[in-house]
Amino acid sequence: MKLRIAVLPGDGIGGEVIEQATRVCEAIANKYNHQITWVKALTGASAIDAVGEPYPDQTHQICVDSDAVMFGAIGDPKYDNDPSAKIRPEQGLLKMRQKLGLYANIRPTFVFPSLMDRSPLKRERIENTDLVFVRELTSGIYFGKRGRLDNGKTAFDTCTYKKFEIQRIAKKGFELAASRKKKLCCVDKANVLESSRLWRETLQEMETDYPEISVSYEFVDAVAMRLIQWPSDYDVLITENLFGDILTDEASVISGSMGLMPSASVGDKVSLYEPIHGSYPQAAGKNIANPLATILSAAMMFEMSFNLNQEASHIREVVNQSIESGYVTEDLAETPKHKSYSTTDVGDYLVQQILT
């Protein structure tokens, strides 16, 4: 199969982890007789520095012309520490999601048996955890009207949802639940927010189209608590943009490291695959960043964009091998005294395991 993949390294450690992911993809392509064409493009702070825009038109066209997009990370301290900055790297991420129509973020949370004791939660709390969040990405408070009043002393942000926006992501949630344990939880704040009441009404109307799915409705504060108490009770959770942003970061620590969790942002056309972690500028250039989340995102790409399930499984198998054998970066080393490996060392190991 011929695959054309856009590569957006972004900022910080993005380029380092993306490099190892592309190496693993090339090894898989070699093993299974595929041909990959990689097309690199600018985004984030690096794009602002180069062309003054965090998501340039040229980058957008490269993404549109590709079969899938692999993305590293966005963010730079020089913008984080400047509240007056008119253009920010994160604006590029929001623009990219909106222009590419990436309305659904699929973010799994699972545990590796060999790392279970690295989680901040007790083993008995997290055993058998295997859940997926489906977060709406292109509407809600992040895209609503905002501004200042009273000479800047009053600020407002507006959360707005249209019914069709809820319906299309709910469809993704129902379909994903049907392929798993047939459990779907709608996370909202319908006791307070009108937008949440529309979410709940819409999903209730759609339930009859999916009679095999068991649907529950929970307030976001209750879910935030239960994710820590009994995360294994959940299977597929669907929610709006802001709630999903917060809850998925909360869920990510269950595994023991944000450097392990992949994600996909999907729409009706091209889909984007990225690690859940940020740009981690403190580690940039040190060759210590954990590439496994990006590599597992590549596995999601092979599965979801290309329907190459065997290739995706092969990537997950060698990632598991690297973790079980202790061939990991310093964030996953058992103690600071235990041997750890560089970003490129881990990439070398994975490539070797695939081609052996």
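Source: prediction; values computed, not measured.
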Given 3.5 Å as the limit, does a donor-acceptor pair link the side chain of T43 with the main chain of P54, or not?
yes
Given the rule in the side chain to side chain contact (heavy atoms under 4.5 Å, CB included) test, do R23 and D348 qualify, once you have shown the distances and angles that lead to the verdict?
CA-CA 9 Å; R23 292 181 63 210; D348 290 342; 2.6 Å; yes
message: Could you check whether atom CD of Q58 has more than 12 heavy atoms from other residues, nucleotides or ligands sitting under 6.0 Å from it?
response: no
Between L247 and V220 the two heavy atoms that sit nearest each other are CD1-CG2, 3.8 Å
(Q) Could you check whether any side-chain N or O of S263 sits under 3.5 Å from a backbone N or O of R107, counting only pairs where one atom can act as donor and the other as acceptor? (A) no
- Message: Can you tell me if K181 has over 12 outside heavy atoms packed within less than 6.0 Å of its NZ?
- Response: yes
**Asked** Around D268, counting heavy atoms of other residues, nucleotides and ligands shown, do more than 12 lie under 6.0 Å from its CG?
**Response** no
- Query: Is the side chain of Q91 donor-acceptor paired with the backbone N or O of R88 at a distance under 3.5 Å, no angle test?
  - Reply: yes
* Check the pair E207, D209 against side chain to side chain contact (heavy atoms under 4.5 Å, CB included), reporting the backbone distance first and the verdict last. => CA-CA 5 Å; E207 279 189 51; D209 296 329; over 6 Å; no
Taking every heavy atom of A41 against every heavy atom of I62, the minimum-distance pair comes out as CB-CD1, 3.8 Å
Fill in: Minimum side-chain heavy-atom gap M116-L121 below 4.5 Å
no
CD of E127 to OG of S119, rounded to nearest 0.5 Å, is 11.0 Å
- [ ] Look only at the side chain of S196 and the backbone of K189, and say whether a donor-acceptor pair between them is shorter than 3.5 Å.
- [x] yes
Practice problem: Take the angle between the ring planes of F110 and F112 and call it parallel below 30°, perpendicular above 60°, tilted in between. | Solution: perpendicular
Note: D76 and A45 closest approach over all heavy atoms is CB-CB, 3.6 Å
Query raised in the report: Does a sphere of radius 6.0 Å around OH in Y280 hold more than 12 heavy atoms from other residues, nucleotides or ligands, not counting ones at 6.0 Å or beyond?
Result: no
- Item | E16 (side chain) donor-acceptor with I13 (main chain) under 3.5 angstrom | no
Margin query: Treating T202 as the side-chain partner and L198 as the backbone partner, does any N or O pair qualify as donor plus acceptor under 3.5 Å?
Written below: yes
* Is any side-chain heavy atom of V17 closer than 4.5 Å to a side-chain heavy atom of N290? -> no
Give the intermediate values and the outcome of side-chain hydrogen bond (donor to acceptor under 3.5 Å, both in side chains) for residues T138 and E136. CA-CA 6 Å; T138 58; E136 201 286 323; 3.2 Å; yes
Separation between CE (M70) and CD1 (I18), nearest 0.5 Å, reads 4.5 Å
* To do: Look at the rings of Y210 and F174 and say which category their plane angle falls in: under 30° parallel, 30 to 60° tilted, over 60° perpendicular.
  => parallel
(message) Apply side-chain hydrogen bond (donor to acceptor under 3.5 Å, both in side chains) to residues T344 and S342 and explain how you reach the verdict.
(response) CA-CA 5 Å; T344 50; S342 70; 3.1 Å; yes
Note to self: Counting neighbours of CG on D150 that are heavy atoms of other residues, nucleotides or ligands and sit closer than 6.0 Å, is the number greater than 12?
What the structure shows: yes
Practice item. Quick one: sort the Y349 and Y327 rings into parallel, tilted or perpendicular, breaks at 30° and 60°. Key: parallel
Check: Between Y273 and I295, is there a donor-acceptor pair closer than 3.5 Å when you use the side chain of the first and the backbone of the second?
Finding: no
Between P113 and R123, the two heavy atoms sitting closest are O-NH2, 4.3 Å
Note to self: Would S322 and Y341 count as a side-chain hydrogen bond (donor to acceptor under 3.5 Å, both in side chains) here? Give the steps.
What the structure shows: CA-CA 11 Å; S322 73; Y341 296 85; over 6 Å; no
Are the side chain of N320 and the backbone N or O of R316 linked by a donor-acceptor pair below 3.5 Å?
yes
Item to complete: With the side chain counted from C-beta on, respond yes when V223 and Y234 share a heavy-atom pair under 4.5 Å apart, and no when they do not.
Response: yes
Review point. Is there a donor-acceptor pair under 3.5 Å between the side chain of S297 and the backbone N or O of P262?
Key: no
| Can you check side chain to side chain contact (heavy atoms under 4.5 Å, CB included) on L137 and I169, steps first, answer last? | CA-CA 9 Å; L137 268 188; I169 194 167; over 6 Å; no
Would you say the side-chain atoms of R118 pair up with the backbone N or O of A333, donor to acceptor, closer than 3.5 Å?
-> yes
So CZ of F133 and CZ of F243: to nearest 0.5 Å the spacing works out to 12.0 Å
Exactly one candidate in K95, R97, Q98, H60 meets side chain to side chain donor-acceptor pair (under 3.5 Å) with Y55; the answer is H60
Chi angles and distances behind the ring-ring contact (aromatic ring centres under 6.0 Å, His included) call for H314, Y32: CA-CA 11 Å; H314 198 158; Y32 292 91; 5.8 Å; yes
